[in-house]
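Here is the structure we will look at.
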Number of protein chains: 2
Amino acid sequence: MTESLQIQLKKGVLEMCVLALLSKGDNYAYDIASRMAEAVGMGEGTIYPLMRRMQNDGLVSTYLQESGSGPPRKYYKLTKSGANALKSQVSEWIVFETAVRKILGDAT
Amino acid sequence: MTESLQIQLKKGVLEMCVLALLSKGDNYAYDIASRMAEAVGMGEGTIYPLMRRMQNDGLVSTYLQESGSGPPRKYYKLTKSGANALKSQVSEWIVFETAVRKILGDAT
DNA sequence: AACAAGTACCTTGCACGGCAAGGTACCATG
DNA sequence: CATGGTACCTTGCCGTGCAAGGTACTTGTT
């Protein structure tokens, strides 16, 4: 029950984090998943539906590239609309985080 | 689609916030909902299932009290287990928030 | 040649929890 | 007696992360 907090916390934030990662350079899902797994414990099964959604929403575009080790990688690249989404999501995040901090108050 | 971010963000955090509010004094659902609605846009329909869950989990206990205006209020009071849950959730939150901040990096 | 292990892609079914909308009932004011 | 505020609660829906499973290519080991 307690560990479900972390699961729930991720919801909504993961997309923003992926956008932020991509803003620093194109990347492919498997690598994104690895980084996110380390940072916030994201599972691999999460990334592919997420990337698909983001592509459908026009936030990213894709291209294939050979890798030398394993199957070809599908790279994701931020679109302008994706960059805008990142900006607005970051500001929403900050508002939210500030509100939470205020509620927690001295409980920290 | 963008507004779903805020919805998703709330998941998991609301329980912690309610615990934090209760740590400052007993309160009843309707008032908690009003405060949370102002702070993070929580809907009223969210609070009752949440309080029920928290009671089932032994995080809060309840008692009734007349109100003079409307039906009697059902006050919620933090249990020891609830106070412990608050502490651990807050530290999880801080870890999480730090991780997110790190990923966002200079995107802020 | 055969096999495991690593990389990299993807899908299916499930569980959780917030929300909108709706409903009940009590009290005061007009 | 009707309106509006307080305060309780339920139902059904939807989004999304997860675990588990599956494919296929490459490299290293036996």
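Chain letters run A, B, ... following the sequence lines, proteins first and then strands; every chain starts at 1.
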Distance-only check: which donor-acceptor pairs under 3.5 Å involve side-chain atoms of residues 70-77 of chain A, not counting sequence neighbours?
from, atom 1, to, atom 2, distance (Å)
A:Arg73, NE, A:Tyr28, OH, 3.4
A:Arg73, NH2, A:Tyr28, OH, 3.4

- Message: Can you measure B:Leu14 atom CG to C:dC16 atom C1' for me and round it to whole angstrom units?
- Response: 13 Å
- Can you tell me how far P of D:dG17 sits from CZ of B:Phe96, to the nearest Å? 10 Å
- Message: Measuring to OP1 and OP2 of C:dC27, would you say a side-chain N or O of B:Arg73 lies under 4.0 angstrom away?
- Response: no
- Item | From C:dC19, D:dT6, D:dG17, nucleotide with atom closest to B:Met42 side chain | C:dC19
- Using the closest heavy atom to pick a nucleotide of DNA chain C for each, name whichever of B:Leu50 or A:Lys74 lands nearer the 5' end. A:Lys74
- Task: Find the distance A:Met51:CE to C:dA8:P and express it as a whole number of Å.
- Result: 15 Å
- Closer to the 5' end of DNA chain C via nearest nucleotide, is it A:Pro72 or B:Pro49? A:Pro72
- Rounded off to whole Å, could you give me the CD-to-P distance for the B:Gln89 and C:dG17 pair? 11 Å
- Note on the structure: Residue pair B:Tyr28/B:Arg52 against DNA chain D: nearer the 5' end by closest nucleotide is B:Tyr28
- When the distance from CE of A:Met36 to P of C:dA8 is rounded to whole Å, what number comes out? 18 Å
- Task: Figure out the OH/P separation between B:Tyr63 and D:dC8, and round it to whole Å.
- Result: 12 Å
- Query: Which atoms form the tightest heavy-atom contact between A:Cys17 and A:Met36, and what is the distance?
  - Reply: CB-CE, 3.3 Å
- Query: Can you find a heavy atom in the side chain of A:Met54 that is under 4.5 Å from one in the side chain of A:Leu50?
  - Reply: yes
- In whole angstroms, how far is the C1' atom of D:dC18 from the CZ atom of A:Arg53? 12 Å
- Write down the atom of A:Ser23, the atom of A:Ala20, and the distance for their closest heavy-atom approach. OG-O, 2.6 Å
- Item | B:Tyr48 side-chain N/O to D:dC8 phosphate OP1/OP2 under 4.0 Å | yes
- Query: Less than 3.5 Å between a donor and an acceptor, one on the side chain of A:Glu66 and one on the base of D:dC25, is that the case here?
  - Reply: no
- Query: What's the CD1-C1' distance between B:Ile47 and C:dG18, to the nearest Å?
  - Reply: 11 Å
- Please identify each residue that fulfils side chain to side chain donor-acceptor pair (under 3.5 Å) with B:Glu97, with sequence neighbours left out. B:Arg101
